[in-house]
Structure formats: structure tokens, C-alpha cells
Amino acid sequence: MLATVYRYITTTELLHGSFNDNFDVNMNNGAEHQRGGIGRFLTETAEWNALICSIAFFLIFTAFGTVQNYATSLPGNDGAISLAILYLVLTFSNIFIPAVAGCISPRWAMFLGSATYALYVAANIHEITFVLYTAAAIMGLGAALLWVAQGSFITQCSNEYEIKYGLPKNSQLGYYNGLFWAWMVANQAAGNGLAALLFYLKIEVWIVYVVFTSINVGGVCVFLLIRPFDSDQPQQPQRNESVQSHSDYRKIEGNMAVQHNDMLNEQDMSANKEQQNGDHKNTKTTLSEIETIPFHADDSEEDNDKKGVNVLGMIKLWCTKRQLILIPFTLYSGISQAFEYGNFPAQINDDFHKFAALAIFGVVDAICSKVFGDLSDKIGRLPVLTIAFIAHGTVYVYFFLYSTWIEGDETESAKDIDKMQHDVWDFFIVAVFLGIGDAGFNTQLYALYGSLLGESSEVFANLKFWQSVSMTWGFLSSGIHENWNVVLISCFSLLVFAALPLYCSKDVRQIARPQRNELL
């Protein structure tokens, strides 16, 4: 073994100038070295697949997100009730759908799941209540399938790239998740901006739905462009292909090793000969491959055995202190999204102004998601959450003061918001604050779950379960036209109830500290 390492070091020094420089490139900055330009998306399977997945989600949610925002503004309660049905089904399908998703490939799971989104959007073209409710229930099942497959697929993209270049496991997961969410959060700006333009041009509502249905179908079809991963190919051909692609380098490495055999003592030469005879192929791999590939292989086998969700294990988490700390925060995350996509747009009468405000919300959300993601690594998670809590709290207090004290008509407070219609800048400013808060919650919620509870399927099934429960109630309350002040007081109270356990918990404060990167 010593001889193998020595031969690798001396060979690398002659080929690349110095061992230390090459070690840094391979072990620390290998991924950055490989990502030289846009062309990598065409040559790297993992990069291509992550990009295709991101574009598909962008198109799908450009359509669905816009339709969801408009649903609570339609005459009657059908739109809001359909969304309540959707999230109610999603709540419980999160428990058993992951086991179903484990039986098919992520590519086809995402294709089938996204098709249900197109079905729901199309059901709004010519509204028939029964058809709309049925499509919503089917989409609840499809949404669970889509998101379970998405999480698995992005992780697979990361791991495939890490294995190929001998990088530590999950060292590229942040990059691939960042790529995905950069596209994902942009859908609000694109979809609502397009809707604002269509309504500005006085396009009929049913034609608007046809346009967004077409966009959704296009997103579904994009999944068909996903390529098979290298690991999906037979193992032996993949190994031979790897050796073939590096044949020139390995020939040089072998020749240089022969020239340095005279520099080894008899004991090292003997060990080298035994190593070559016993495991010839391992003497021709780089040090990073020797250290990393077995690590990934073992974990991959374990992951295959853990597909699906253990319902009992999921319920057991409800009795743990850390899960109980996170449940109020998760409930608020869901109710805040129902407010942003349901209650808030319903207060704006003009369709052009409605979607202009939501487009502003999407742009701010996208920018702040990037800023907060980087900022939390430097200053910690709690300061970012503090900004988010203050932003949303300001919105609730402002609306409450406006509708009760400023206008002085508490008995008709639900109607007072109509007096703001002449000054849409108020809504645009509110959209900015909502975008800041949403970005803070989205970037930190998943990170806290992973840090405090681990990364098992049961952990994130719990996240989706509690989040969907609160979103169901949020859209249902919007559908039954709950008093506006009651909505504001409920949201603000839940915000406070969600924040207190996070700041009072020693575990959360410790986990939320900025992480220091330590070089090996």
C-alpha cells in the first residue's frame, strides 16, 4: 500500500508539477475545475439532467403557480375549495406515495406526477365543479409523487458527479439544489408577469388558462429529455469505459511508475508486487477514487433499502423534542404560503395589478433566496429567520392597523381593504415584504429539518405532512371568506408561536450557528 501511494505521489509530481497542487484540485476544487462553462451541461450527464429537471419544474410551476394565485379570486368558492382538497390529499399521500415512488425510476415518477398538474390547470379552462374537484384530488397524489422523485433525483445527480470525480459524498449537493431552486423560484416572476401582460391586453380568462395549460404540458414533456445515468448502465462496460477514457493518462502513469521502481526499497517493492497481483485494477486508479468510491457504493446500497416511508417511524418523531420544536414553524410555513398565494392576491381587485404585485413578490423571493442562502453560512440561520419573521409580522400589523384604526370601521373591516385599490403601490410594497419573508423561511426550513432530525424519508415526510395540513386550512378559510381581521390575527399569532421555540431551544441555537469549513 505504501508503494502504491508513493508511486501515485511521484507520478503526479512529474505530470502536474507538485503533489500538493494536484491534491487540492482533486480533493477540494475538483468540481469547480470541471465546471468551466455552459458547455458542461451538454457533456456532463449529471449537469444535463439537473438542468432539464430544473427547467421542467420552472415551466410546470409557472403555469400552476399562476393558476393557484388566481383561484381564490374567482367568483364563488370553487377555486379555493379545490386547492383545499388538493392539499388535503397531499397531506396524507405524503405518507404512502414515497413507497410507490421507490418502485419506479425518478424520471417516470416526475413525468407522471407532473401530468396531474396539467390536468388540474386544464380543468379550469371550462369550469365544471365536479371535474375541478376530481382533478384537484388526483393532483394531490401526483404532487406527492413529483416532489419525492425530485428530491431523490437531484441527490442522484449530485452523487453521480461526486463518484465520477472522486469527491466527498454530498459535497456537491448544495450546488445542485441551488441550481434547481434558482430556476424554481423564478417561476413566480415569469408566470405572474405573463399573466399581468395577458390581462393588460384584455385577453379572455379561458384563453389565459389555455396558454398556461400549454406551458404546463411543455414542462411535462421536458422530463423525457433526461438521460440515463452512468450508474444505470451495466457495471463492467462502465468500468471499461472509464479506463478507456483515461487511457493516455494511465499509460503515462504506468511508464512513470516503472521508472521509479528502482527508488523503492525491497519491502515496498514486495508490497507493490503483491498489490498488483492481488488487485491489479486498483493500482491504476487515483488516490481520490480509492478513498471515495467504496464510500459511495456502501451508502448507495443502504439507500436502496430505505426507499419509502416507515409510517410508524414517522409518527414516533412526533414524540421527539426536536420535532415538536419544528412543528409550529412548519405549520406557519404552510399558512404563510396560503396567505401569499390565496388571501393576499384575493384583496386586489384588478387582475393586472394583482399579477404585477405577485411578479414583484416572485422577483424579491428569488433574489433574497440567493442572498439568504449565502448569508446564513456566514451569520447563522437565526438572524436570517429574524429578518423573515419581522418582514411577515410587519405585513400583518400594517393590514390590521389599516383596516381597523386608520379607517375606523371595525365592523366592516373585511371590506376596508377595497379603499386601498386606488393606491396599488401599497400592495407592491407589501409584496416586497412577503417575498423577503418567504425567502427566509424556504431557505432555512429544510436546513433545520436536516440538521436537527437527519435526512431520512420519515423526516421530510413529516415536514410535508404538517406543511400541507396548514395549507389545507389556509385555502379552506379563504374559500369560506373568513373575516379579514381574523385571518391577520391568526397568522400573526401562529408566527409568534412558531418563533418562540426556535429562539428558546438550545439545540436550535447550536445548530443554527454559522458553519466553519475545515480543510482536511
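Quick note: numbers below take in every heavy atom, side chains included, and nothing from hydrogens, waters or symmetry partners.
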Assess the residue pair L358 and F344 against the criterion (side-chain contact (heavy atoms from CB on, under 4.5 Å)); give the C-alpha distance rounded to whole Å, side-chain angles, the decisive distance to 0.1 Å, and a yes or no. CA-CA 9 Å; L358 290 171; F344 172 64; 4.3 Å; yes
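- Using a 4.5 Å heavy-atom cutoff, the side chains of V487 and C491 are in contact.
- Annotation: side-chain hydrogen bond (donor to acceptor under 3.5 Å, both in side chains) contacts of S333 (sequence neighbours excluded): Q467.
- For the pair W48 (side chain) and L225 (backbone), a donor-acceptor distance under 3.5 Å is present.
- A ring-centre distance under 6.0 Å is found for F465 and W318.
- A donor-acceptor contact closer than 3.5 angstrom links the side chains of E162 and S158.
- The main-chain N or O of L453 is never found under 3.5 Å from a side-chain atom of R322 such that the two would form a donor-acceptor pair.
- The shortest distance between side-chain heavy atoms of Q337 and N442 falls below 4.5 Å.
- Considering every non-hydrogen atom in both G142 and T116, the closest pair reads CA-OG1, 3.4 Å.
- In terms of the salt bridge (Lys or Arg N to Asp or Glu O under 4.0 Å) criterion, residue partners of K321 (sequence neighbours excluded) are, by chain and number, D507.
- Atom CG of N462 and atom NZ of K464 lie 13.0 Å apart (nearest 0.5 Å).
- No close placement of the F433 and Y398 rings is indicated, their centers lying 6.0 Å or farther apart.
- The backbone N or O of L434 lies less than 3.5 Å from a partner atom in the side chain of H392, making a donor-acceptor pair.
- Distance check: L83 CG to M139 CE gives 8.0 Å after rounding to the nearest 0.5 Å.
- Side chains of Q347 and K354 form no contact here, defined as non-hydrogen atoms less than 4.5 Å apart.
- Once rounded to the nearest 0.5 Å, the distance linking OG1 of T134 with CG of L119 reads 9.0 Å.
- In terms of modelled atom types and a separation under 3.5 Å, the side chain of N187 and the main chain of F58 share no donor-acceptor contact.
- Residues satisfying the side-chain hydrogen bond (donor to acceptor under 3.5 Å, both in side chains) criterion with S369, sequence neighbours excluded, are D365.
- Looking only at side-chain heavy atoms (C-beta outward), I55 and L51 come within less than 4.5 Å of each other.
- Partners of Y70 according to the ring-ring contact (aromatic ring centres under 6.0 Å, His included) rule, which considers only residues two or more places apart in sequence or in another chain, are F199, F355.
- Legend: residues meeting side-chain hydrogen bond (donor to acceptor under 3.5 Å, both in side chains) with Q68, ordered by chain and number and at least two apart, are Y87.
- Of all heavy-atom pairs between T213 and A118, the closest is CG2-O, 4.4 Å.
- A donor-acceptor contact shorter than 3.5 Å links the side chain of S93 to the backbone of G140.
- Qualifying ring-ring contact (aromatic ring centres under 6.0 Å, His included) partners for F428, counting only residues two or more places apart in sequence or in other chains: W425.
- The CG atom of D78 lies 4.0 Å from the OG1 atom of T129; values are rounded to the nearest 0.5 Å.
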After noting the C-alpha distance and the side-chain angles of Q323 and Y449, does the key distance pass the side-chain hydrogen bond (donor to acceptor under 3.5 Å, both in side chains) rule? CA-CA 8 Å; Q323 177 66 80; Y449 261 83; 3.2 Å; yes
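- Less than 6.0 angstrom separates the ring centroid of F229 from the ring centroid of F153.
- Taken from CD1 in I348 to CG in N69, the straight-line distance is 10.0 Å, to the nearest 0.5 Å.
- Of all heavy-atom pairs spanning A46 and Y161, the tightest one is CB-CB, 4.1 Å.
- In plain terms, the two heavy atoms of C53 and I154 that are nearest each other are SG-CD1, 4.3 Å.
- T91 OG1 to W473 CH2: the interatomic distance, rounded to the nearest 0.5 Å, is 14.0 Å.
- Residues satisfying the ring-ring contact (aromatic ring centres under 6.0 Å, His included) criterion with W147, sequence neighbours excluded, are F57, F61.
- The two residues N343 and G474 make their nearest non-hydrogen contact at OD1-O, 4.4 Å.
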F441 vs T330, side-chain contact (heavy atoms from CB on, under 4.5 Å): CA-CA, chis, key distance, verdict: CA-CA 9 Å; F441 297 135; T330 312; over 6 Å; no
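- Counting heavy atoms from C-beta outward, D438 and Y341 have side chains that approach closer than 4.5 Å.
- The ring pair (Phe, Tyr, Trp, His ring centres under 6.0 Å) analysis of residues 200-221, with sequence neighbours excluded, yields the pairs Y200-F352.
- Qualifying ring-ring contact (aromatic ring centres under 6.0 Å, His included) partners for F492, counting only residues two or more places apart in sequence or in other chains: none.
- With S152 contributing its side chain and A149 its backbone, the two residues share no donor-acceptor pair below 3.5 Å.
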Could you give me the CA-CA distance, side-chain angles and deciding distance for I138 and Y120, then say whether side-chain contact (heavy atoms from CB on, under 4.5 Å) is met? CA-CA 8 Å; I138 294 174; Y120 176 78; over 6 Å; no
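- Taking both residues in full, the closest heavy atoms of N216 and A63 are given as CB-CB, 3.8 Å, listed atom of the first, atom of the second, then distance.
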Which is it for F497 and Y332 under the ring pair (Phe, Tyr, Trp, His ring centres under 6.0 Å) test, yes or no, and what are the steps along the way? CA-CA 9 Å; F497 184 57; Y332 177 75; over 10 Å; no
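- Residues L326 and L502 have side chains in contact (heavy-atom distance under 4.5 Å, counting atoms from C-beta outward).
- Under the 4.5 Å side-chain criterion, counting only non-hydrogen atoms from C-beta, R381 is in contact with L448.
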If you look only at distance, which donor and acceptor atoms sit under 3.5 Å apart when one is on a side chain in residues 103-113 and the other is two or more places apart or in another chain?
residue : atom : partner : partner atom : Å
S105    : OG   : W108    : N            : 3.4
R107    : NH2  : L224    : O            : 2.8

Assess whether side-chain contact (heavy atoms from CB on, under 4.5 Å) is satisfied between L194 and T66, documenting all intermediate values. CA-CA 9 Å; L194 176 59; T66 307; over 6 Å; no
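- Taking the six-membered ring where the residue is Trp, F399 and F427 present tilted rings, their angle falling between 30° and 60°.
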Throw together a table of side-chain donor-acceptor distances under 3.5 angstrom for residues 384-391, partners on residues two or more places apart or in other chains.
residue : atom : partner : partner atom : Å
T386    : OG1  : L382    : O            : 2.8
T386    : OG1  : Y503    : OH           : 2.6

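- Not a single side-chain hydrogen bond (donor to acceptor under 3.5 Å, both in side chains) links S470 to another residue, sequence neighbours left out.
- Although no hydrogens or angles enter the test, the distance criterion places no donor-acceptor pair under 3.5 Å between the side chain of T62 and the main chain of G191.
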